[in-house]
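Inspection log for the structure reproduced underneath, given as structure tokens.
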Amino acid sequence: MFQFQTPQTLQPTILPALFHHQRHCITAAFRPSPASSVTLTISSPTTNKNHSIQSLCRKGQLKQAIHLLSHEQNPTQYTYELLLQSCVREKSLADALTVHRSLIDNGFDQDPFLATKLITLYSELDSIEHARQVFDKTTHRTIYVWNAIFRALSLSGLGEEVLNLYRRMNRIGMRSDRFTYTYVLKACVVSDSGLSSLWAGKEIHAHVLRHGYESQVHIMTTLVDMYAKFGCVENANLVFSSMPVKNLVSWSALIACFAKNDRPFEALRLFREMMLESGDMLPNSVTMVSVLQACAAVSALDQGKLIHGYILRKGLDSILPVMSTLVTMYARCGDLDLGKNVFNQMDKRDIVSWNSLISSYGIHGLGSKALAVFQEMVQLGISPSPISFVSVLGACSHSGLVDEGKILFDSMVTEYGIYPTMEHYACMVDLLGRANRLYEAAKIIADMRDEPGPEVWGSLLGSCRIHCNVELAERASRRLFELEPRNAGNYVLLADIYAEAKMWDEVKRVKKLLEASGLQKVSGCSWIEVRRKIYLLKSVDELNPQIEQIHAFVENLSKEMMKKGYVPQTKDILYDLDSEEKERIVLGHSEKLAVAFGLINCSKGETIRITKNLRLCEDCHSFTKFISKFADREILVRDINRFHHFKDGECSCKDYW
DNA sequence: GAGGAAGGGC
């Protein structure tokens with residue numbers, strides 16, 4: 001070991017040139033001596049011990065390596081690099097801290113290279129506090145150091161902090177590189193400050209263009225994703241279209257964007273376009289997941305089966321996310337058995353796969369089956385996740401298993417240490433509310449520790465709609481109008497309740513409120529897949545040449561059925577009209593049109609599968625029950641919440657929905 | 001000399 005005094009003016013940056021052959025050992029080997037002069041410590045050319053430590057690291061023997069480290073007087077930067085790598089592999093925070101301490105003791109605490117490694121290491125060990133300390137103590141911050149802390153903070157969900165640091169970095173004149181942009185854009189997504197982070201994202205978008213990075217696929221794809229996560233589908237689309245270079249990830253990002261933002265038809269269209277336009281680009285498991293979600297959203301069973309075939313041919317059937325999505329896709333497309341088959345054939349399963357199956361039973365109204373699967377899972381030693389409870393409580397709710405649901409809810413904390421979130425409370429309110437235990441539901445809300453959110457009040461309002469409770473509905477909607485003034489559905493629900501109670505002045509008042517707010521009521525529509533094509537039905541539809549014929553068909557059908565005892569249910573109608581007018585309106589509901597379309601176009605014996613965007617109305621429900629017997633057809637209808645399986649004049653929901 | 005993008009269950 002050599003030790004000598006250096007003049008104060010000697011800068012670390014010129015040292016590598018002086019001691020070229022020992023670059024690793026020197027870059028950050030400054031250590032202020034007690035005498036305030038600068039002492040430079042240079043280790044001898046890599047010692048045998050260094051070699052041994054390095055080789056132990058490579059062999060995965062971290063403990064032995066650390067032991068040897070305590071006997072090495074001059075560990076090199078490279079030695080530390082390997083040690084830190086091993087700590088990541090071993091996921092050992094304790095070892096990381098030991099190595100870190102040794103690194104400080106040996107004068108590497110200002111080494112930007114190792115600082116980068118340390119920040120990344122602590123981030124992977126979920127110790128953001130330590131990562132932040134390293135960043136704060138590093139005075140010479142290269143862009144690598146900045147990027148590492150941006151990434152670490154983003155991964156911990158501290159987007160706001162990243163954006164503040166990014167602004168600070170810009171102020172001191174540090175230039176971003178192409179990695180910086182991807183990290184700070186990600187930070188916008190994970191930041192919880194809503195619109196202001198979207199603005200930050202747009203600003204960074206401008207920086208990206210100003211600095212000529214528009215051909216960087218990674219950055220542009222991150223931009224697509226950023227806009228997607230904020231629901232700015234048009235912006236995402238624009239960025240994608242402007243990209244001079246696109247790859248599979250960029251395509252998948254936009255497909256996911258459509259799938260996640262309620263535009264499944266566009267997701268499927270883009271997927272087809274990708275397959276046609278870029279023959280050499282083969283979809284992978286990530287692409288498949290989004291495409292399957294789109295199939296599930298529109299109940300495109302036949303298309304889903306084609307994708308399933310592709311998955312098998314490409315050997316993607318061992319990938320868990322793909323398989324869980326397949327289970328969900330089949331269930332949501334109405335084929336619970338195929339979903340079960342996929343689940344049964346999986347050779348490994350994780351909590352998500354189980355949750356998929358539980359909620360599949362749930363939406364098909366098979367609450368006890370869902371409960372049984374939940375129990376089976378627990379008995380196999382798999383710990384339920386918060387979402388397991390959302391799924392199983394939802395299943396109880398759809399089947400009216402109130403007591404079972406209450407027991408499960410209580411067991412969350414007592415047996416599993418899972419504290420209920422807003423979603424769990426919403427499930428409980430729904431469970432009790434649907435069962436007409438509205439005041440118990442209201443008590444759940446009153447007893448909540450946190451401020452009840454819109455999902456909770458929305459559940460209560462929905463239940464008030466089912467059981468026509470004006471008093472509670474008024475209370476719930478008052479809060480809802482404050483919490484989500486832009487949700488037209490809440491106004492409609494309240495108006496429905498007033499209408500059922502024949503409080504016509506109140507109906508008028510709420511309708512005026514809705515009009516004044518400029519919000520659009522979501523109009524009902526239904527769709528049906530016939531021979532791999534999806535047909536959309538709406539009550540009023542100038543574009544559909546067949547619509548008159550279908551309306552006439554429904555009218556005749558209804559007349560025939562009325563002779564056999566079908567009585568139209570018109571209490572949902574929002575207008576104070578005579579009953580004949582009301583009957584005419586409910587007859588025009590899109591679901592009945594879809595049933596008629598199915599009867600005309602599906603072959604005999606084939607189950608008619610219909611999907612609709614709202615909750616099934618009372619009259620469509622009794623109409624479809626009636627027709628399943630009258631026309632001797634099985635009809636499967638998925639509404640916004642669940643499935644109804646109509647057969648022989650009965651519905652699988654047993655009129656509880 | 002180092003680091004980056006898309007995806008599962010409600």
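So you know, we letter chains A, B, ... as the sequences are listed, proteins then strands, and number each from 1. This structure is a prediction, so every number in the text was calculated from the model and none was measured.
What separates CG of A/Leu118 from P of B/dA2 is a distance of 17 Å, to the nearest Å. Straight-line distance from the CG atom of A/Leu254 to the P atom of B/dA6: 14 Å, rounded to whole Å. When the C1' atom of B/dA6 is taken as reference, atom CE of A/Met281 falls 12 Å away, rounded to whole Å. What separates CZ of A/Phe409 from P of B/dC10 is a distance of 20 Å, to the nearest Å. Atom CZ in A/Arg349 sits roughly 15 Å away from atom C1' in B/dG9 (whole-Å rounding). Per the geometry, CE belonging to A/Met323 stands 15 Å off P belonging to B/dG9, to the nearest Å. We find that CE of A/Met274 is positioned 13 Å from C1' of B/dG7, with the value rounded to whole Å. Per the geometry, NZ belonging to A/Lys186 stands 9 Å off C1' belonging to B/dA6, to the nearest Å.
Under 3.5 Å, the side chain of A/Ser285 and the base of B/dG7 form at least one donor-acceptor pair of N or O atoms. Residue A/Ser353 places no side-chain atom within donor-acceptor reach of the base of B/dG9, judged by atom type and a 3.5 Å distance cut-off alone.
Applying the side-chain hydrogen bond (donor to acceptor under 3.5 Å, both in side chains) rule to A/Lys340 yields the partners A/Asp337; only residues at least two apart in sequence or on another chain are considered. With sequence neighbours left out, the salt bridge (Lys or Arg N to Asp or Glu O under 4.0 Å) criterion links A/Glu214 to no other residue.
Under 4.0 angstrom from either OP1 or OP2 of B/dA2 there lies no side-chain N or O belonging to A/Gln85. Residue A/Arg151 places at least one side-chain N or O under 4.0 Å from the OP1 or OP2 atom of B/dG4. Taking only side-chain nitrogens and oxygens, A/Lys229 never comes nearer than 4.0 Å to OP1 or OP2 of B/dA5. Checking the phosphate oxygens (OP1, OP2) of B/dG7, no side-chain nitrogen or oxygen of A/Ser290 falls inside 4.0 Å. Distances shorter than 4.0 Å separate none of the side-chain N or O atoms of A/Lys246 from OP1 or OP2 on B/dA6.
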For the pair A/Thr421 and A/His424, evaluate side chain to side chain donor-acceptor pair (under 3.5 Å) and give the outcome as yes or no after the intermediate values.
-> CA-CA 5 Å; A/Thr421 64; A/His424 297 108; 3.1 Å; yes
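Below 30°, between 30° and 60°, or above 60°: for A/Tyr122 and A/His100 the angle between ring planes is between 30° and 60°, a tilted geometry. Ring geometry, A/His207 versus A/His211: the interplanar angle exceeds 60°, so the pair is classed perpendicular (tilted spans 30 to 60°).
If you check every strand for non-hydrogen atoms under 4.0 Å, A/Ile358 touches nothing. At a threshold of 4.0 angstrom between heavy atoms, the contacts of A/Thr116 include nucleobase atoms, whether or not backbone atoms are also involved. Across all strands shown, A/Ile255 has no heavy atoms under 4.0 Å from either base or sugar-phosphate atoms. Looking at heavy-atom distances under 4.0 Å, A/Thr287 makes no contact with the nucleic acid at all. Contacts of A/Ala148 with the nucleic acid, taken as non-hydrogen atoms under 4.0 Å apart, are absent. Within the nucleic acid shown, A/Val322 has no heavy atom closer than 4.0 Å to any nucleic acid atom.
Comparing B/dG4, B/dA6, B/dG9 by their nearest atom to the side chain of A/Arg178 picks out B/dG4. When each of B/dG9, B/dA2, B/dA6 is scored by its nearest atom to the side-chain atoms of A/Gln293, the top-ranked nucleotide is B/dG9. Distances were taken from every side-chain heavy atom of A/Thr142 (C-beta onward) to each of B/dA2, B/dA6, B/dG7; the shortest belongs to B/dA2. Distance from the side chain of A/Ile219 is smallest to B/dG4 among B/dC10, B/dA6, B/dG4. You'll find that the side chain of A/Asn355 is closest to B/dG9, out of B/dG9, B/dA6, B/dG4. Of the listed nucleotides (B/dA2, B/dC10, B/dG7), B/dC10 has the atom at the smallest distance from the side chain of A/Ser391. You'll find that the side chain of A/Asn247 is closest to B/dA5, out of B/dA5, B/dG7, B/dA6. For A/Pro321, the side-chain atoms get nearest to B/dG7 when compared with the rest of B/dA5, B/dG7, B/dG4. Between B/dG4, B/dG7, B/dC10, one nucleotide has an atom nearer to the side chain of A/His218 than all others, and that is B/dG4. Taking the side chain of A/Val286 as heavy atoms from C-beta on, and the options B/dG4, B/dA6, B/dC10, the nearest nucleotide is B/dA6.
Checked for salt-bridge contact, A/Asp225 and A/Lys229 meet the test: a charged N lies under 4.0 Å from a carboxylate O.
For the pair A/Arg434 and A/Tyr656, the NZ or CZ position fails the cation-pi test of under 6.0 Å to the six-membered ring centre and within 45 degrees of the ring normal.
Per the stacking criterion (ring centres < 5.5 Å, plane angle < 30°), A/Tyr144 stacks onto the base of B/dA2.
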